[in-house]
Number of protein chains: 2
Amino acid sequence: MTERGRPRTFDRTTALRRAMEVFWAKGYEGASMSDLTAAMGINSPSLYAAFGSKEALFLEAVELYTQVEGTDIWSALEKAPTACQAVERFLRQTAKAYSQTDRPQGCLIALGALHQDSSRGAICDDLRRRRAENRAALLRRLERGVAEGELPADFDCRVAATFYATVQHGMSIQARDGASRAALMATVAGAMAAWKGMAGTDT
Amino acid sequence: MTERGRPRTFDRTTALRRAMEVFWAKGYEGASMSDLTAAMGINSPSLYAAFGSKEALFLEAVELYTQVEGTDIWSALEKAPTACQAVERFLRQTAKAYSQTDRPQGCLIALGALHQDSSRGAICDDLRRRRAENRAALLRRLERGVAEGELPADFDCRVAATFYATVQHGMSIQARDGASRAALMATVAGAMAAWKGMAGTDT
DNA sequence: CCTTTTCTGTAATGATCGATACATAAATGT
DNA sequence: ACATTTATGTATCGATCATTACAGAAAAGG
């Protein structure tokens, strides 16, 4: 069961990563097929043969983004010993990732396709689903904090999860506006100042 | 000095408002000339005669948006007696405005054109400038709180202004994702929980 | 060898993009 | 009445959009 036919002359994963960077920088509708094929170093028939369509390519690129760029942020959330530290490290990793100067600033999932009608619905829905999943991950971590007795039983995990997810989304726009890493970290400090008020604890 | 030539058959301001709604819902690049002329009830030559170009129309639409939709939010910031109440009312007005169901959710200035390369640079720059001005208005209000002795002299107004501006931007994405007014208000509550931690006061 | 399979490059598809040429209509100025 | 000025509707511009025919090239199966 080896491969039949003429082998492709480019590395599929490398090309996909290039496409991810284009979508990341320009958004779904702002990235033209010319932009994509130029960045990927292939012609459009090769792109269609390998990925199916612009829409399918975008969905694969977002999945790659989630796995590659999101790991540090979300593992910080899971691995920290306390919920408070988890949220803080989560936000600090976000600030660090969003202010990298060797790649587009802000988050592909937050900024990739915000306007429903223009982009074919599936694109917008996929990103929305991923944003909802991110908020759900925050919520689970906070509920774990309640279950472990770290947070008071009446701690409103939903409100806190929504709040911190919103801050993270805002940081994407802030980063797109050219905010420095220090400025993003200051926002993190502001967001963590809310912790005491919400939890009644300072850990 | 009356008007020469054939009078136009549509109301310029009404047409501009329609264009604003289209840009608001679809973003700059997502709004096609067909979308605009259909919503404005005119043909493209009339649009170009009255507004110059799609880019100029967008800039005028954003200016109208700033004056019409932004008034409640920013007057709340100026009129409140204390800086704390100013920020809270500012955010609450934001939550209210972003969750109106009879118009697009979220903010045109935050969501209208986030990707630099695709939209002609001037569009992106104009929105960025307006976002910077909004942050500056927040900063001025906070500095007034320090000058009036309400806030401690070491209160970091820059950090707080950046933080609350970031929360507001995040609320645009949250609103676009369909968040209810109650959910946005919960985010406001979270953001105001940070006030104590930043200011050391509870007023 | 020949057939089959898959990829590659060129070139072109129809559709839509933003923007206009042009002739006509409707107002004012003299 | 006639010239001037401005707006309107139709019809179209070249450019670009995402997508695909098509023929040739490079591999494996027989």
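Lettering of chains follows the sequences in order, A, B, ..., and the numbering in each one begins at 1. Nothing here was measured: the structure is a model prediction, and the numbers come from that model.
Relative ring orientation between B:Phe163 and A:Phe163 is described as perpendicular, the plane-to-plane angle rising above 60° on a 0-90° scale split at 30° and 60°.
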Review item, nucleotides 23-28 of chain D N/O atoms under 3.5 Å of protein N/O:
from: D:dA25; atom 1: N3; to: A:Arg6; atom 2: NH1; distance (Å): 3.3

Pairs under 3.5 Å (N/O, protein and nucleotides 19-21 of chain D):
from: D:dT19; atom 1: OP2; to: A:Tyr48; atom 2: OH; distance (Å): 2.4
from: D:dT19; atom 1: OP2; to: A:Lys54; atom 2: N; distance (Å): 3.2
from: D:dT19; atom 1: O5'; to: A:Tyr48; atom 2: OH; distance (Å): 2.8
from: D:dT20; atom 1: O4; to: A:Ser44; atom 2: OG; distance (Å): 3.0

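The nearest whole Å value for the distance from the CG atom in B:Leu57 to the P atom in C:dA19 is 10 Å. Rounded to an integer number of Å, the gap from CZ of B:Phe10 to P of C:dA27 is 16 Å. The separation between B:Glu29 atom CD and D:dT16 atom P is 16 Å, rounded to whole Å. Rounded to whole Å, atom P of D:dT8 lies 12 Å from atom CG of B:Asp11. Counting to the nearest Å, the P atom of D:dT16 and the NZ atom of A:Lys26 are 13 Å from each other.
Donor-acceptor pairing under 3.5 Å is recorded for the side chains of A:Arg128 and A:Gln116.
Enclosure of atom CZ in B:Arg8 by more than 12 non-hydrogen atoms of other residues, nucleotides or ligands within 6.0 angstrom is indicated.
Phosphate contact (OP1/OP2 of D:dC17, side-chain N/O of A:Ser32, threshold under 4.0 Å): present. The side chain of B:Ser46 contributes an N or O atom lying less than 4.0 Å from OP1 or OP2 of D:dT8. Distances shown here put every side-chain N or O of B:Asn43 at or beyond 4.0 Å from the OP1 or OP2 atom of D:dT8.
In terms of heavy atoms, A:Met171 sits closest to A:Thr187 at CG-CG2, 4.1 Å.
DNA chain C is contacted by no residue of residues 34-42 of chain A, taking any non-hydrogen atom closer than 4.0 Å.
Here the two rings, on B:Phe155 and B:Trp195, have centers that are under 6.0 Å apart.
Under the side-chain contact (heavy atoms from CB on, under 4.5 Å) test applied with B:Met198, the options B:Val159, B:Leu142, B:Asp156, B:Leu151 reduce to a single match, B:Val159.
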Take A:Arg12 and A:Glu60 through the test salt bridge (Lys or Arg N to Asp or Glu O under 4.0 Å) and record every step on the way to the result. CA-CA 11 Å; A:Arg12 193 180 187 278; A:Glu60 268 201 70; 2.8 Å; yes

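Note that CZ of A:Arg129 is 12.5 Å distant from SG of A:Cys124, once rounded to the nearest 0.5 Å. Rounding to the nearest 0.5 Å places CD of B:Glu78 at 10.5 Å from CZ of B:Phe90. In this structure, B:Asp126 CG and B:Ile109 CD1 are separated by 8.5 Å, a value rounded to the nearest 0.5 Å.
In this structure, B:Lys54 forms no cation-pi arrangement with B:Phe23, as its terminal cationic atom is not both closer than 6.0 Å to the ring centre and no more than 45° off the ring axis.
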